[in-house]
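I have a structure I would like to understand better, so I am pasting it below and will then ask my questions one at a time.
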Amino acid sequence: LNAFNISSTQFCDTCKIHVQIGTGGEANWNQHLNSKVHKSKAGPPIKNTLTSFFTKSKVTGMLNTPSTILPPPPLKASLPSNSIHSTLENTIPLPSTPQQDLFATFTPSDDQKHAHAIILRIFRLAGELPQSVPLATKDDIWARFTADISSELPEYENDIFMLVNRTLHSTFGYQMTPKDLLILIRRGHLGVEAFCNWAMKCMIDFQLSGGILEPRLELLEQALKSL
C-alpha cells in the first residue's frame with residue numbers, strides 16, 4: 001500500500017519550509033530536492049533514506065502540521081503597475097468561464113489524473129453555486145491566481161514546484177478546514193474558478209505533478225459540496 005496520502009508533508013531543513021508531497025510521495029520530494037532553489041541553498045549531496053523522513057498523517061482532507069503561514073508570492077502584470085489593485089486589473093482574464101478549449105485536449109499523466117478529475121468536479125460545482133454566494137472581486141484571495149505564472153517564475157529561479165508550494169501555503173495554510181474555507185467561497189472568474197484555471201495551467205504548461213495540488217483541491221471540493 002502507498003505509505004503517503006493527500007495530507008503527507010515533509011519539512012525541508014535546508015529551505016526551512018514544509019513541502020507538500022501528497023500521494024506523489026517520493027517523486028514529489030525528489031522533485032523538491034532537485035529544484036534549483038533547494039540546490040542553491042544546500043551543500044554537497046547527502047545520501048538520503050526517504051522512509052526515515054516521512055510519517056503518514058491522518059486523512060482528514062486537510063494538513064495537520066502547524067506552521068507559520070508564508071506570505072504570497074508577488075503578483076505581476078504584463079504592464080507596469082504601481083499598486084496591487086492595478087496589477088490585478090491588468091492580469092484578470094476577461095472570460096467568465098473555464099478555458100474549455102485548452103482543457104478539453106489535455107491528457108493528464110498518471111500522476112496528474114486524480115488532481116485533474118477533482119478540478120473538473122470543482123468546475124461543475126462552481127458553475128452551480130447559488131446567487132447567494134458573493135461574486136468574486138479583485139480583493140478576494142482567489143484573484144491572486146489570475147497572475148501570470150511565467151512572470152512569477154524568475155522570483156523562484158524558474159522552479160515551478162517552489163512557486164506552487166509557496167502559493168498554496170500562503171493561501172490555504174496548514175490547518176484550514178472546509179468550514180473555514182466556506183466563508184471565502186466566491187462565484188465568477190475571480191473566484192474558485194481562478195484557482196482551478198491556475199492549477200490546470202501548472203499541470204499543462206509546466207508539467208507539475210498533481211500530488212502537490214490534491215490536498216487543497218480536496219479541501220475546496222468538500223467546502224463546495226457543503227453549500
Side-chain angles (χ1 to χ4, degrees), residues 1-12 17-33 35 50 53-67 69-70 72-73 98 103 106-126 141-142 144-145 149 159-182 184-185 191-226:
L1 294 177
N2 191 346
F4 309 103
N5 56 51
I6 63 172
S7 299
S8 296
T9 61
Q10 166 59 26
F11 183 76
C12 178
I17 62 170
H18 286 271
V19 178
Q20 178 64 40
I21 60 171
T23 57
E26 183 174 0
N28 284 343
W29 177 243
N30 287 333
Q31 187 174 353
H32 170 71
L33 294 181
S35 67
L50 186 68
F53 283 94
F54 293 109
T55 57
K56 183 176 180 180
S57 58
K58 298 174 66 177
V59 180
T60 61
M62 67 198 81
L63 300 177
N64 299 312
T65 307
S67 174
I69 296 178
L70 300 171
F103 302 158
F106 174 57
T107 301
S109 61
D110 288 341
D111 63 354
Q112 294 175 330
K113 287 181 178 178
H114 183 54
H116 180 252
I118 301 174
I119 290 173
L120 295 182
R121 293 199 298 269
I122 291 176
F123 272 140
R124 178 180 57 78
L125 291 170
I141 63 168
W142 310 103
R144 71 181 58 182
F145 294 106
I149 300 172
D159 186 338
I160 186 64
F161 189 88
M162 183 65 70
L163 183 154
V164 170
N165 193 56
R166 180 66 61 87
T167 303
L168 291 176
H169 289 174
S170 65
T171 303
F172 296 94
Y174 284 96
Q175 294 183 305
M176 182 175 284
T177 67
K179 184 178 180 179
D180 296 330
L181 188 57
L182 190 60
L184 301 176
I185 298 298
V192 296
E193 288 180 10
F195 172 58
C196 290
N197 282 324
W198 177 87
M200 286 290 284
K201 288 179 182 178
C202 287
M203 292 195 296
I204 295 173
D205 297 341
F206 302 96
Q207 295 76 54
L208 182 74
S209 170
I212 190 175
L213 299 168
E214 289 170 11
R216 275 48 177 240
L217 290 170
E218 294 273 12
L219 181 66
L220 179 55
E221 184 180 24
Q222 289 179 41
L224 288 170
K225 285 182 175 179
S226 67

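Source: prediction; values computed, not measured.
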Worksheet entry | Smallest separation among heavy atoms of Pro178 and Gln222, with atom names |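 Answer, listing the atom of Pro178 first, then Gln222: CG-OE1, 3.4 Å.
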Worksheet item: What closest approach, in Å, do Cys202 and Ile149 show between heavy atoms, and which atom pair accounts for it?
Response: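 So the minimum-distance heavy-atom pair works out to SG-CD1, 3.8 Å.
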Item to complete: Please report the C-alpha distance between Thr171 and Phe145 in whole Å, then the side-chain angles of each, then the deciding distance to 0.1 Å, and finally whether the side-chain contact (heavy atoms from CB on, under 4.5 Å) criterion is met.
Response: CA-CA 10 Å; Thr171 303; Phe145 294 106; 3.6 Å; yes
Worksheet entry | Atom pair CD1/CG of Ile212 and Leu217 - distance to nearest 0.5 Å |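 The CD1 atom of Ile212 sits 11.0 Å away from the CG atom of Leu217.
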Worksheet item: Would you say the side chain of His114 lies within less than 4.5 Å of the side chain of Ile118, judging by non-hydrogen atoms?
Response: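 The answer is yes, as the side chains (C-beta and beyond) meet within the 4.5 Å cut-off.
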Worksheet item: Do you know the tightest heavy-atom contact between Cys196 and Ile122?
Response: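 The answer is SG-CG2, 3.3 Å.
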Practice prompt. Could you tell me whether the side chain of Phe172 reaches within less than 4.5 Å of the side chain of Leu184, counting heavy atoms only?
Written response: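 Heavy-atom side-chain distance check fails, nothing below 4.5 Å.
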Worksheet item: Using the ring of each side chain (for Trp, its six-membered ring), is Phe106 parallel, tilted or perpendicular to His116, with breaks at 30° and 60°?
Response: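 Geometry flag for His116 against Phe106: perpendicular rings.
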Practice prompt. Give the minimum heavy-atom separation between Arg216 and Gly173, together with the two atoms involved.
Written response: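 Looking at all heavy atoms of both residues, the shortest contact is NH2-O, 2.9 Å.
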Worksheet item: Quick one: CG on Leu213 to CD on Glu218, what's the gap to the nearest 0.5 Å?
Response: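 Rounded to the nearest 0.5 Å, the CG-CD separation comes to 11.5 Å.
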Worksheet item: What are the two closest non-hydrogen atoms of Ile17 and Phe11, and how far apart are they?
Response: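 For Ile17 versus Phe11, the nearest heavy atoms are O-CD1, 3.4 Å.
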Worksheet item: Rounded to the nearest 0.5 Å, what separation is found between the CZ atom of Arg124 and the CG atom of Leu120?
Response: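 Nearest 0.5 Å value for the CZ-CG distance: 10.0 Å.
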Worksheet item: Mind checking whether Trp142 and Val192 have side chains closer than 4.5 Å, heavy atoms only?
Response: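 A side-chain contact exists here, since the closest heavy-atom pair is under 4.5 Å.
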Fill in: Within-4.5 Å side-chain heavy-atom neighbours: Phe195 and Leu168
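Counting from C-beta outward, Phe195 and Leu168 do come under 4.5 Å.
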Discussion item. Would the distance check show the side chain of Gln112 and the main-chain N or O of Leu208 forming a donor-acceptor pair, the cut-off being under 3.5 Å?
Written reply: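 Looks like yes, one N/O pair under 3.5 Å.
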Fill in: Heavy-atom closest pair, residues Arg121 and Glu221
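That closest heavy-atom pairing would be NE-OE2, 2.6 Å.
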Worksheet item: Is Asp180 reaching over with its side chain to a backbone N or O of Thr177, donor-acceptor style, under 3.5 angstrom?
Response: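 Looks like yes, one N/O pair under 3.5 Å.
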Worksheet item: Going from CD1 on Ile185 to CD1 on Ile141, what distance comes out if it is rounded to the nearest 0.5 angstrom?
Response: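 Rounded to the nearest 0.5 Å, the CD1-CD1 separation comes to 8.0 Å.
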Discussion item. Distance check, rounded to the nearest 0.5 Å: Met203 atom CE versus Trp198 atom CH2?
Written reply: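 Met203 atom CE to Trp198 atom CH2 measures 10.5 Å (nearest 0.5 Å).
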